[in-house]
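Report on one structure; see the data block that follows.
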Amino acid sequence: ETGVTQSPTHLIKTRGQQVTLRCSSQSGHNTVSWYQQALGQGPQFIFQYYREEENGRGNFPPRFSGLQFPNYSSELNVNALELDDSALYLCASSPPVGSYTFGSGTRLTVV
Amino acid sequence: AQSVAQPEDQVNVAEGNPLTVKCTYSVSGNPYLFWYVQYPNRGLQFLLKYITGDNLVKGSYGFEAEFNKSQTSFHLKKPSALVSDSALYFCAVRPPGGSYIPTFGRGTSLIVHP
């Protein structure tokens, strides 16, 4: 079975720009979640999608948005990037109840 | 609201000695509990989970965890630590219903000395 794949692995953007991060979920998993992990911190929940619908959102502003596609892959979009958005962005997929499988993450640096 | 506490930022242990990484949680109802490990510049890898049943859960790489409902704890343990176990460890709790969204602790850095 394939795991969770994220792209790109690293990205450098300028403050004010927009970015799209991509995630391919593990086969058979219909739930995808996105997390932001700042240096030295635990993962902070951004939002979760189940069968293409957002079914949970953490304490992140509306400029963080997402999509889930019919094949359960997902995108995270961040508009108007700020310096504090620099972090490792993790995607995780899971069956409706069970453990998450995480991707290796996208390291975003905003300069 | 659910929460997870990992009271130790760092745990140091000598190779071959037993290790314990602590986790306490707060959630309504019976929790789903997880441990993940993260190596530098990598995503989180699943170690073990408690859903129901035996309070002692065995997971990957020789790790185990004990669920203690009265103390609301889910400490991670290993009888004999290896240098290669050095990594960042995260405890997570998921509620038993709703959207099942987990909450992660801040992480504990485990350092195993040769």
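Each chain gets a letter, A, B and so on, in the order its sequence line appears, and its residues count up from 1. For clarity, every value in this text was computed on a predicted model and none was experimentally measured.
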Part of A:Gln37 within contact of chain B (heavy atom distance under 4.5 Å): side chain

A:Glu53, CD: over 12 other non-hydrogen atoms inside 6.0 angstrom: no

A:Ser86 (side chain) donor-acceptor with A:Val110 (main chain) under 3.5 angstrom: yes

Face-on cation placement of B:Lys78 at B:Phe63 ring, 6.0 Å and 45° thresholds: yes

Contact origin within B:Gln45 toward chain A - heavy atom pairs under 4.5 Å: neither

Winner by heavy-atom pair count (cut-off under 4.5 Å) against chain A, out of B:Leu88, B:Leu48, B:Leu44: B:Leu44

Presence of salt bridge, B:Glu66 and B:Lys77, under 4.0 angstrom: yes

